[in-house]
Amino acid sequence: MKKFGILTGISVFILVIAYFLVGNYFYNFALNAAQEKDFLEGNPHLAGSEAVSASVAEASKLADAEFSNSHQPTTLNVVSSDNLKLNSLMYENQDSNHKWAIVVHGYTGNSTQMIRYVRNFYEKGYSVLAPDLRGHGKSEGDYIGMGWDDRKDMLLWINQIIEKDPNADIALFGISMGGATVMMTAGEKLPPNVKVIVEDCGYSSVIDVFTYQLDDLFGLPKFPVMNAANSITKIRAGYNLNDASAVKQVAKSQTPILFIHGKEDTFVPYPMLDEVYDAAKVDKDQLIIPGAGHGEAEKVDPEKYWRTVWGFVERYIN
């Protein structure tokens with residue numbers, strides 16, 4: 001019996017070590033901001049769609065480059081509740097008439113990659129703020145918040161705009177993880193200045209998108225891998241992956257939301273659109289772009305994309 005007890009103890013010890021090793025590996029793989037995300041390189045789910053017109057894409061790139069050359073942003077910083085210095089680029093428009101937009105980048109991206117969206121809002125008369133999410137760009141942070149801790153940071157950026165312009169009418173826009181960020185922000189108590197939200201290809205929840213990627217990349221089941229990863233996330237990043245749900249947050253929203261998704265998106269699977277859309281109880285609409293993969297809706301059909309965005313946004317910001 002004594003020998004059995006020792007063997008049992010050793011087995012439990014080995015299982016516990018294995019649990020934390022597995023959790024730490026997948027935490028570093030997905031959430032450690034300092035570790036390269038090699039799985040994004042050559043990922044077939046991120047391959048460019050044939051539906052993107054080369055001529056249209058080139059015209060958009062030229063317009064973006066011209067905008068960047070002629071509009072130099074200023075830098076705005078805030079300090080988060082956990083004492084991280086966060087960075088953003090601000091494009092002030094003298095003709096904004098109190099119209100503001102906050103545009104939010106995706107996973108491993110940064111504010112400089114949001115020029116396409118900055119430009120379109122600016123040309124519609126908006127002043128635009130483009131933050132670097134924690135752990136991205138020039139913002140401090142050693143982990144990726146996946147939109148969950150970022151939703152608290154969004155409240156700081158919103159308050160910065162209101163301090164600068166108390167009469168500001170604010171639109172929130174985000175793509176991919178930025179889309180999830182603005183959806184998660186939607187469930188917070190927002191000031192009345194925030195009039196409308198537009199999300200593009202955001203995921204329904206962090207657990208759901210990680211479970212999907214875990215199966216796609218490794219062929220591994222949710223249990224016990226996600227349990228282990230969540231244990232490490234709570235220790236190293238201080239948040240619970242199970243809490244990070246766009247579905248639950250949009251269900252609490254009092255702000256109108258436009259949901260956008262590419263129908264051929266297999267990185268953040270297209271069916272996730274239905275989950276977040278169905279959960280919203282506010283004024284809402286959706287735009288589905290056939291032929292568009294992840295983050296490609298604007299590239300595949302920019303005319304329809306922006307026509308729909310402005311048709312929705314201008315109901316609430318005139």
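Ring geometry, Tyr126 versus Phe121: the interplanar angle exceeds 60°, so the pair is classed perpendicular (tilted spans 30 to 60°). Relative orientation of the His136 and His105 rings is tilted, given thresholds of 30° and 60° on the angle between their planes.
Proximity of Val128 to Tyr117: side-chain heavy atoms (C-beta onward) are nowhere separated by under 4.5 Å. No side-chain heavy atom of Cys201 sits less than 4.5 Å from a side-chain heavy atom of Phe267. Looking at heavy atoms from C-beta onward, Glu296 lies in side-chain contact with Val52 at the 4.5 angstrom threshold. Contact of the Leu62 side chain with the Glu58 side chain is registered, since non-hydrogen atoms from C-beta on lie closer than 4.5 Å. Side-chain atoms of Ser80 and Arg134, non-hydrogen and from C-beta on, do get closer than 4.5 Å to each other. Counting heavy atoms from C-beta on, the side chains of Ile170 and Ile162 come closer than 4.5 Å.
Sorted by first and then second residue, the ring-ring contact (aromatic ring centres under 6.0 Å, His included) pairs involving residues 69-94 (not counting sequence neighbours) are Phe67-His71, Phe67-Tyr91, His71-Tyr122.
For Asp82 and Lys152, the salt-bridge test fails: no basic side-chain N is under 4.0 Å from an acidic carboxylate O. Under the 4.0 Å criterion applied to side-chain N and carboxylate O atoms, Lys138 and Asp132 are not assigned as salt-bridge partners.
Other residues, nucleotides and ligands place no more than 12 heavy atoms under 6.0 Å from the NZ atom of Lys85.
When all heavy atoms are compared, the tightest approach of Gly202 to His261 is O-CE1, 3.8 Å. Contact between Gly147 and Thr181 at its shortest, heavy atoms only, is CA-OG1, 3.2 Å. Closest approach of Trp157 and Leu76 over heavy atoms only: CH2-O, 3.6 Å. For Tyr107 against Phe29, the heavy-atom pair with the smallest separation is OH-O, 4.2 Å. When all heavy atoms of Met146 and Val206 are compared, the pair lying nearest together is CB-CG2, 3.7 Å.
Between Phe218 and Phe26, the ring centre distance stays below 6.0 Å.
In this structure, Ile158 is a member of the same hydrophobic cluster as Leu86, with clusters built from ILVMFWY side-chain heavy atoms closer than 4.5 Å.
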- Message: Could you go through Ser96 and Asn93, starting from their C-alpha distance and side-chain angles, then the distance that decides it, and tell me whether this counts as side chain to side chain donor-acceptor pair (under 3.5 Å)?
- Response: CA-CA 5 Å; Ser96 70; Asn93 191 330; 5.9 Å; no
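At least one test fails for Lys284 against the ring of Phe259: distance under 6.0 Å to the centre or angle within 45° of the axis.
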